[in-house]
Amino acid sequence: MPPSTSSDLTLSVNGEKYTLTVDHRTTLLDALRERLDLTGTKKGCDQGQCGACTVLVDGRRSVACLQLAVAAEGREITTIEGVAEGERLHPVQQAFLDLDGYQCGYCTPGQICSAIAVIEEHAAGWPSAATADVRPEAGPPPLTPEEIRERMSGNLCRCGAYVSIVQAVARAAEEAVA
Amino acid sequence: MTTATRGAVGTAHTRVEGRDKVTGAARYAAEIPFADLAHGWLVLSTVARGRVRAVDTDAVLGMPGVLTVLHHGNAPRVDSDFIGMLGVPPDPSAALFQHDRVAHLGWPVALVVAETSEQAREAAESLVVHYETEPHDVAFSAGRESEGYPLDGHLPAVAEKGDLADRLAASAVVVDAEYTTPEEYHNPMEPHAATARWEGGRLDVVDSNQGTSWVAGELANLFSLDPAAVRVRSEHVGGGFGSKGVRAHQVGAVMAATVLQRPVRVVMTRRQMFSLAGYRSPTAQRVRLGADADGRLRVLEHRSLNQTSTVHEFVEPSAAAGRSMYAADAHHTASRIVRLDVPTPTWMRAPGEAPGSFALESALDELAERCGVDPIELRVRNEPAVGPVSGLPFGSRNLIACFREGARRFGWAERDPRPGVRREGRWLLGTGTAAASFPAGVGPSTAAVTAEADGTFTVRINAADIGTGARTALTLVAADALEVPTDRVRVRIGDSDLGPAMIAGGSTGTRSWSWAVQAAAEELRRSLVPGADIPPEGITARSNTAEAIGALAQKERHAFGAQFAEVAVDPATGEVRVRRMLGIFAAGRIVNPLTARNQLVGGMVWGLSMALHEEAVRDRASGGVYGADLAGYHVAAHADVPHIEADWVDDPDPDDPVGIKGIGEIGIVGAAAAVANAVWHATGVRHRNLPIRPDRVLMAGGDA
């Protein structure tokens, strides 16, 4: 008997369990888009270079195109469809909407998922390449535009909406502190 | 003509589809579900010139899930001998599998269709194609100008006025410089994607494009179908920038859906987009400016060469950029093309103006330096009263107002003109400026506006919102024309069944559609009797702007702008950082300041990216692009982009019913020159070849 080329697995996405049979070659990105009809996660390059497929895996940002669906079993996955609370948008979503932090919208779900993680990473004291003082006792650096730009640089926006994206992330971060 | 001034137009409005975009609910072309969907995967040639000898389909047809392999031996026939809506024949790489010739590396040679995308991809990568190879030639350079020839595109190739040699001899100062720009790729974030099916005797295509009237017309022509039998939808589009017309993916999907009689989706990979989706040709340009000692131009000569493929002529009309900008006694401009074994280039954001303004506006800066005249004052001295070549009056020309406002806000008056004298730690600092212009065009469109029984209004216009905010802008225009609040207006776009309309391209979209929407809405408002009941089917008024547009007087119609940039250059590493940019534009009435500012800034980001980052290098051995992906082809990322401001001066177009000129392209024009001029101001070194890479900065020296 030839070795099986598919497996049954259960994915936990946005708090829901999905049981499905997947081709071993299926990426998490394609499983979300093609099998679970969660098309909010975008495919921009399919090789980890653009950030459009950024999702949260166990709360950490991760590009869904560079991991196989079979490797995502047992992880808690959050996509753009799962960040709002019912009808109430996540503060990052609301800031993108209010400040026009997008144009075509195709990189937007990835930018928003990334930004949610950036705000948490920053609050947890993670330094970035733009951080002047990286000693743990220095505490979180101010979340300046330079810090946001550095931390968001894995998410390309070809429309060039970076200026308003940075403003949106800054506003959402301020709200998270307030 | 009246100009609407009341209410919504001119006030900031968040995007009407914004909630869908931030929640992931907005579905793009590859995201619309279809029952019984099959997946196609394109196979591209691995040789740059020759012919396909054989396609080994047998092994692949036996692979799991594979349904068919289409290639030149079995594909349905198409007719590509037509001139489409935009006045040009289709790109031959979209007329799939009609012969065995290979015109460039990455030429489409087969389409593998399977039940799943994983199966299609593996089968496509397993497909063995045998080629007869021939020597290829992809070496573009300025030295090949003699092999080139002038070609009229959307602008005439050549425009000549006055005696060049005579006026050069009479010039006190002559600047003579050569400039180059590399191959540049649009790279919209959403790859090209289409699903095709036959539904009730009609071809139904869900696509990502810049105009469904255009794409539906091209597909009807290609497949010899009654235009009424083709429907193309494209509701949300993840960027286009000129690349999203008829391409291999739609044609492949239609062929496969026809053969298999089931829905078929074809999506380009990011790497395939570097062969199949078009690009901006590299340019080699020469600018000669002759002037009096005070900087008044006697001579403006601009020659540009670009490459095209062996199967299709495309001109990047870079030399035409100056025809409307500066007066000179002798004014000679010519754009030429040379044919190579490369993919066919196409329109890319500000075709002609983007590379052309880099050369011309850099040369102007060199002239200012030579004459000891401030760069802004130089442009003031050369401001024409009428079109410098055409002699036609300007619709409106507020270039100098842009410079004055920009200079005030940027702090230009305090600028020390000497180069290479400002240091801040390891950085050398400099500022630069450049002018921008882009034609204000318009195309015929139809619209329908319906008063619904529930008191709302539905606007039907086959617009394309590729990120421009068109859907929102049209909502504002309709609300004002109907004299109702915006929340009572819903706008339907992106469906060829809505009727013919202009594409999102050439900065004409929002202007063209607004004209039609306003005309239909005003007609409707006039026909409604206050207090009268609306029947269940509503009351509809329609418009067609063809006649009104045809009656427009010939004028020099352009948007203008002034670009400013401040850069820091590290002479030890060659790194160039843009610290701030400011663009002030005179670009007609601004319909929605929130989205307009974003779009203008986006154009300036493109200019920054063009100045410092974007470059596709073609490998002469293989004939293809090295690193054909978003790692090998860097576009500006968050960390590259500082705070950039865009604003505007009052400049309503007097001949447009809404006052619009169009803002999609003006933001990139002149932006790269402003950055390059700032690099000169920082270092004292002129960079005439883009991008201004660290190695170029290092090789040029400049450690003042």
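The analysis underlying the following values was restricted to heavy atoms, covering all of them including side chains, and did not include hydrogens, waters or symmetry mates. None of the values given here were measured: they were computed from a predicted structure.
For B:Thr23, the parts lying near chain A are the backbone and the side chain together; criterion is any non-hydrogen pair under 4.5 Å. Only the side chain of B:Val605 comes within less than 4.5 Å of a heavy atom of chain A; its backbone N, CA, C and O stay farther away. Looking at A:Ile112, only its side chain comes within 4.5 Å of chain B, counting heavy atoms on both sides. Within the 4.5 angstrom heavy-atom criterion, atoms from both the backbone and the side chain of B:Ala631 approach chain A. Looking at B:Glu645, neither its backbone nor its side chain comes within 4.5 Å of chain A, counting heavy atoms on both sides. Interface residue A:Glu87: backbone and side-chain heavy atoms are both found under 4.5 Å from chain B. If you measure heavy-atom distances from B:Ile466 to chain A, the contacts under 4.5 Å come from the backbone alone. B:Ser609 touches chain A through its side chain: at least one heavy atom from C-beta onward sits under 4.5 Å away, while N, CA, C and O do not. Residue A:Ala161 touches chain B through both its backbone and its side chain, counting heavy-atom pairs closer than 4.5 Å. The parts of A:Asp100 that come within reach of chain B are both its backbone and its side chain, each placing non-hydrogen atoms under 4.5 angstrom from that chain. Looking at B:His236, neither its backbone nor its side chain comes within 4.5 Å of chain A, counting heavy atoms on both sides. In this structure, chain A has a heavy atom under 4.5 Å from the side chain of B:His39, while its backbone stays farther away. Using a 4.5 Å cut-off between heavy atoms, A:Gln94 does not touch chain B at all. With a 4.5 Å cut-off on non-hydrogen atoms, B:Val635 touches chain A through its backbone and its side chain both. Heavy atoms of B:Arg19 lying under 4.5 Å from chain A belong to its backbone as well as its side chain. Neither the backbone nor the side chain of B:Arg471 comes within contact range of chain A; no heavy atom of the residue lies under 4.5 Å from a heavy atom of that chain.
Taking CZ of B:Arg15 as the reference point, atom CZ of A:Phe96 lies at 12.5 Å (rounded to 0.5 Å). Rounding to the nearest 0.5 Å gives a distance of 10.0 Å between CG of B:Asn187 and SG of A:Cys50. To the nearest 0.5 Å, atom CD of residue A:Gln103 and atom NZ of residue B:Lys21 are 9.0 Å apart. Note that the NZ atom of A:Lys42 and the OH atom of B:Tyr28 stand 6.0 Å from one another [nearest 0.5 Å]. With rounding to the nearest 0.5 angstrom, the OG1 atom of A:Thr39 is 8.0 Å from the CD1 atom of B:Ile32.
When each of B:Asp465, B:Asp20, B:Asp629 is scored by its heavy-atom pairs under 4.5 Å with chain A, the top score falls to B:Asp629. Chain B forms the most heavy-atom pairs under 4.5 Å with one residue out of A:Cys159, A:Ala130, A:Ser164, and that residue is A:Cys159. Ranked by non-hydrogen atom pairs under 4.5 Å with chain A, the options B:Ala637, B:Gly667, B:Gly602 are led by B:Ala637. The candidate with the highest count of non-hydrogen atom pairs below 4.5 Å against chain B, out of A:Leu89, A:Val83, A:Thr108, is A:Leu89.
Between B:Glu190 and A:Lys43 there is no salt bridge, since no side-chain nitrogen of the basic residue lies less than 4.0 Å from a carboxylate oxygen of the acidic one. Between A:Asp46 and B:Arg121 a salt bridge is recorded (basic side-chain N to carboxylate O distance below 4.0 Å).
Heavy-atom neighbours of chain B within the stretch residues 27-36 of chain A, taken at a separation under 4.5 angstrom, comprise A:Asp30, A:Arg33, A:Glu34.
Side-chain contact between A:His24 and B:Glu118 is absent, with no heavy-atom pair separated by less than 4.5 Å. Residues A:Tyr162 and B:Pro642 fail the side-chain proximity criterion, which asks for heavy atoms closer than 4.5 Å.
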Under 3.5 Å, which donor-acceptor pairs do the side chains of residues 167-178 of chain A form with other protein atoms, sequence neighbours left out?
{"from": "A:Arg171", "atom 1": "NE", "to": "A:Glu175", "atom 2": "OE2", "distance (Å)": "3.3"}
{"from": "A:Arg171", "atom 1": "NH1", "to": "A:Asp98", "atom 2": "OD2", "distance (Å)": "3.3"}
{"from": "A:Arg171", "atom 1": "NH2", "to": "A:Asp98", "atom 2": "OD2", "distance (Å)": "2.9"}

Q) When you look at A:Arg151 and B:His638, which way does the side-chain contact (heavy atoms from CB on, under 4.5 Å) test go after all the steps? A) CA-CA 9 Å; A:Arg151 292 165 189 261; B:His638 272 288; over 6 Å; no

